[in-house]
Amino acid sequence: MSGIFALVDCNNFYVSCERVFDPKLVGQPVVVLSNNDGCVVSRSNEAKELGIKMGVPEFEIHELLQDRGVHVCSSNYALYGDMSRRVMATLSDFTPDVEIYSIDEAFLNLSGFGRSDLSGYGRRMKATVEQWTGIPVSIGIARTKTLAKLAAHIAKGSEKAEGVLNLIESLYQDRALEHTEVGEVWGVGRNYARLLRERGIQNALQLRDADDFFVKKHMGVSGLKMVRELRGISCYSLESAPPPKKGITVSRSFKTAIETLEQLEEAVANYVSVAAGKLRKERAAAGALTLFLRTNRFKKTGVYANSHTTDLPVPTSDTSELIRYAHEGLRKIYREGFRYKKAGVMMHDLIPENRIQSDLFDRVDRTRSGKLMRTLDDINAAMGPGTLKYAATGVDPNPRWKTVAEKRSPSYTTNWGQLPEVS
DNA sequence: TCTGGGGTCCTAGGACCC
DNA sequence: TCTGGGGTCCTAGGACCC
């Protein structure tokens, strides 16, 4: 008995979240920008029709945005995270077998539902999610994850599908593959798409029927799995419990370059605080820490990029200890006279916190530090992030390194002080 | 002038060992 | 002049994803 997968994909997710709380945006061209209002990361259909591409820098289309009256939002990740939880919770009411694949996508295992009326079931899910959360979704149903992805992609673009496409036992399956450009297939990025087109493989049907030896040679075992999935042979199962993280990174670009060690130290202390909090949420400790910084990656002159990795004597998730190591690393690679545009910190060699083994010469009181971190996390969870923080993270409410979001929507769902007012 | 952030997996090649 | 053959581990880089 082979499985049945559904992929539920939120349409234009960030834009759709903004529209839930500002219905004036419905039917209008809308874009959401990345940190520092840098690049387009989400577009409404109307914005796509204006030719606005994913990932373009805002400054390149500034005039177009103004001339065409495009509504521009800074990104509001607290809002999107909260909306995502609501969508996922709604899906969980339909089946317990949910894999949260990303902030705006989930795979569902529908194997237990027979084959009777999967499309109808999909349409009910779609209607319920929209009714309960306000977020429009597209749903693809198929024998493998890769085919479900492909089906959802077609469902999104087709009027006739009305947002749900079931490819199981579908006479339409070959035509669906034929009408899907090879670059749209899950696992085919820019480089593979170019290579495949050069070899005359233009669409998903041709890729499905490609020679195994050729695929293995140029795209490795993942390529082979992908092709088998297109053939209806499932190679990827549903992962309902997320596997433990292997690394945690926190990094930011600065809107305007910063030059002094002091400012970098402050920025880095903030990134470490966030990363350490994520570590503790994972119930993990880091065995190594990498600090990195760089100048503007789009400039040819005044270039400097470097990183420094510290192997920690004892794995830890203690904020102040990690800040110390990060600052040591920073001082080792900092060079005066450069205009820094980005810095960040990576935690790796993660282990579960209950498997920490302290060494003979460890001078840190780990029981005490663990208690302190729990207290800090509890207070910040109750009173809001940043209520309690380390002096090294700075006191200036608007430091040079802080990300800019000129057009941020209020935190409607997560901040009591910013609930929408009824007038 | 202005260009995001955070992940995973696979592979090739070098170091090292017996 | 001749100069083994595997195996494992690690790392860097490339590909992909959202």
Side-chain angles (χ1 to χ4, degrees), chain A residues 7-14 31-42 53-63 65 72-77 80-81 84 99-107 145-146 149 152-153 182-196 215-226 229 235-236 239 242-257 271 274-275 278-279 282 288 290 292 294-302 307 309 311 339 341-350 401-406:
Chain A
L7 177 75
V8 181
D9 193 347
C10 299
N11 301 343
N12 313 333
F13 183 56
Y14 297 170
V31 298
V32 174
L33 301 178
S34 63
N35 272 341
N36 291 324
D37 298 337
C39 298
V40 171
V41 291
S42 182
K53 298 273 183 269
M54 187 67 172
V56 291
E58 188 274 345
F59 72 84
E60 281 181 11
I61 54 167
H62 192 81
E63 290 194 359
L65 294 173
V72 178
C73 307
S74 302
S75 42
N76 184 343
Y77 293 105
Y80 311 149
S84 175
E99 173 186 340
I100 298 173
Y101 177 68
S102 73
I103 194 167
D104 68 341
E105 281 175 68
F107 285 106
K145 283 181 161 182
T146 304
K149 274 277 226 182
H153 180 254
V182 74
E184 303 290 350
V185 176
W186 190 39
V188 178
R190 248 207 340 266
N191 292 285
Y192 286 158
R194 181 163 34 79
L195 179 136
L196 290 167
V215 172
K216 168 77 169 67
K217 183 172 172 222
H218 290 99
M219 306 168 77
V221 295
S222 351
L224 218 40
K225 281 187 185 171
M226 176 182 65
E229 285 240 320
C235 299
Y236 300 109
E239 315 274 350
K245 278 198 185 353
K246 306 202 161 167
I248 289 171
T249 302
V250 176
S251 74
R252 292 289 179 275
S253 296
F254 313 124
K255 182 81 182 178
T256 50
Y271 306 155
V274 174
K278 289 184 178 182
L279 270 176
E282 273 283 305
T290 298
F292 65 91
R294 64 158 309 129
T295 52
N296 192 330
R297 68 189 172 105
F298 297 100
K299 287 198 169 150
K300 305 271 191 295
T301 56
S307 67
T309 299
D311 288 314
R339 310 188 70 239
K341 275 291 277 186
K342 183 172 185 167
V345 64
M346 300 159 71
M347 309 289 169
H348 23 215
D349 299 357
L350 306 193
W401 50 265
K402 198 178 172 193
T403 56
V404 176
E406 302 281 357

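Chain letters run A, B, ... following the sequence lines, proteins first and then strands; every chain starts at 1. Excluded from the calculations below are hydrogen atoms, water molecules and symmetry mates; all remaining heavy atoms, backbone and side chain alike, are included.
In this structure, K341(A) places its NZ atom 8 Å from P of dG4(B), rounding to the nearest Å. N296(A) has its CG atom 8 Å from the C1' atom of dT3(B), to the nearest Å. When the P atom of dC17(C) is taken as reference, atom NE2 of H153(A) falls 12 Å away, rounded to whole Å. Residue E184(A) contributes atom CD, which lies 15 Å from atom C1' of dC18(C) at whole-angstrom precision. A straight line from CZ of F254(A) to C1' of dT3(B) spans 15 Å, rounded to a whole angstrom. Atom NZ in K245(A) sits roughly 7 Å away from atom P in dT8(B) (whole-Å rounding). Here dG4(B) presents its P atom at 12 Å from CZ of R252(A), a figure rounded to the nearest Å. Rounded to an integer number of Å, the gap from H218(A) NE2 to dA12(B) P is 12 Å.
One finds no side-chain N or O of N36(A) lying less than 4.0 angstrom from the OP1 or OP2 phosphate oxygen of dT3(B). Using a 4.0 Å cut-off, some side-chain N or O of T249(A) falls inside it from OP1 or OP2 of dG7(B). Contact between the side-chain N/O atoms of S251(A) and the OP1/OP2 oxygens of dG6(B) is found at a separation under 4.0 Å. Between K149(A) and dC18(C) there is a side-chain polar atom (N or O) within less than 4.0 angstrom of OP1 or OP2.
Residue E58(A) is the one, among M219(A) and E58(A), whose nearest nucleotide of DNA chain B lies closer to the 5' end (criterion: closest heavy atom). Between V221(A) and K299(A), the residue anchored closer to the 5' end of DNA chain B is K299(A), taking for each the nucleotide with the nearest heavy atom.
Note on I248(A): only backbone sugar-phosphate atoms sit closer than 4.0 angstrom, heavy atoms only; bases stay farther off. If you check every strand for non-hydrogen atoms under 4.0 Å, G247(A) touches sugar and phosphate atoms only. Residue contacts shown for V56(A) are absent, as no nucleic acid heavy atom lies under 4.0 Å away. In this structure, D104(A) reaches the sugar-phosphate backbone alone: every heavy-atom distance under 4.0 Å involves primed, P, OP1 or OP2 atoms, never a base. E105(A) comes within 4.0 angstrom of the backbone, heavy atoms only, and of no base. Using a 4.0 Å heavy-atom distance criterion, V274(A) is classed as making no nucleic acid contact.
For DNA chain C, each stem of at least three Watson-Crick or G-U pairs (distances under 3.5 Å) is given as range with range: B:5-18 with C:5-18.
Here the straight-line distance linking atom CH2 of W401(A) with atom CZ of R252(A) works out to 10.0 Å at 0.5 Å rounding.
Both tests pass for K145(A) against the ring of F107(A): distance under 6.0 Å to the centre and angle within 45° of the axis.
Listed nucleotides dG5(B), dG6(B), dT3(B) differ in distance to S253(A); the shortest reach to its side chain belongs to dG5(B). Nearest nucleotide to the side chain of F298(A), out of dG5(B), dT3(B), dG6(B): dT3(B). Comparing atom distances between the W186(A) side chain and each of dG4(B), dA15(C), dC17(C) picks out dC17(C) as nearest.
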Next item on the list: Start with the C-alpha gap between V72(A) and E406(A), add the side-chain angles, then the distance that decides, and say whether side chain to side chain contact (heavy atoms under 4.5 Å, CB included) holds.
Entry: CA-CA 10 Å; V72(A) 178; E406(A) 302 281 357; over 6 Å; no
Notebook entry, point to check: Please walk me through it: do I61(A) and V40(A) pass side chain to side chain contact (heavy atoms under 4.5 Å, CB included)?
Noted result: CA-CA 10 Å; I61(A) 54 167; V40(A) 171; 3.8 Å; yes
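Between the side chain of T290(A) and the main chain of M346(A), no donor-acceptor pair closer than 3.5 Å is present.
S75(A) approaches S34(A) most closely through the heavy-atom pair OG-C, 3.7 Å. For the pair A288(A) and T309(A), the tightest heavy-atom approach, listed with the atom from each and the gap, is CB-CG2, 4.4 Å.
The stacking criteria are not both satisfied for F59(A) over the base of dT1(B), which would need a centre-to-centre distance under 5.5 angstrom and an angle between ring planes under 30 degrees.
The 12-atom threshold is exceeded at CG of L224(A), counting heavy atoms of other residues, nucleotides or ligands nearer than 6.0 Å.
At a threshold of 4.5 Å between non-hydrogen side-chain atoms, the residues S253(A) and K342(A) count as touching.
Straight-line distance between the P atoms of dT3(B) and dC18(C): roughly 25 Å, to the nearest whole Å.
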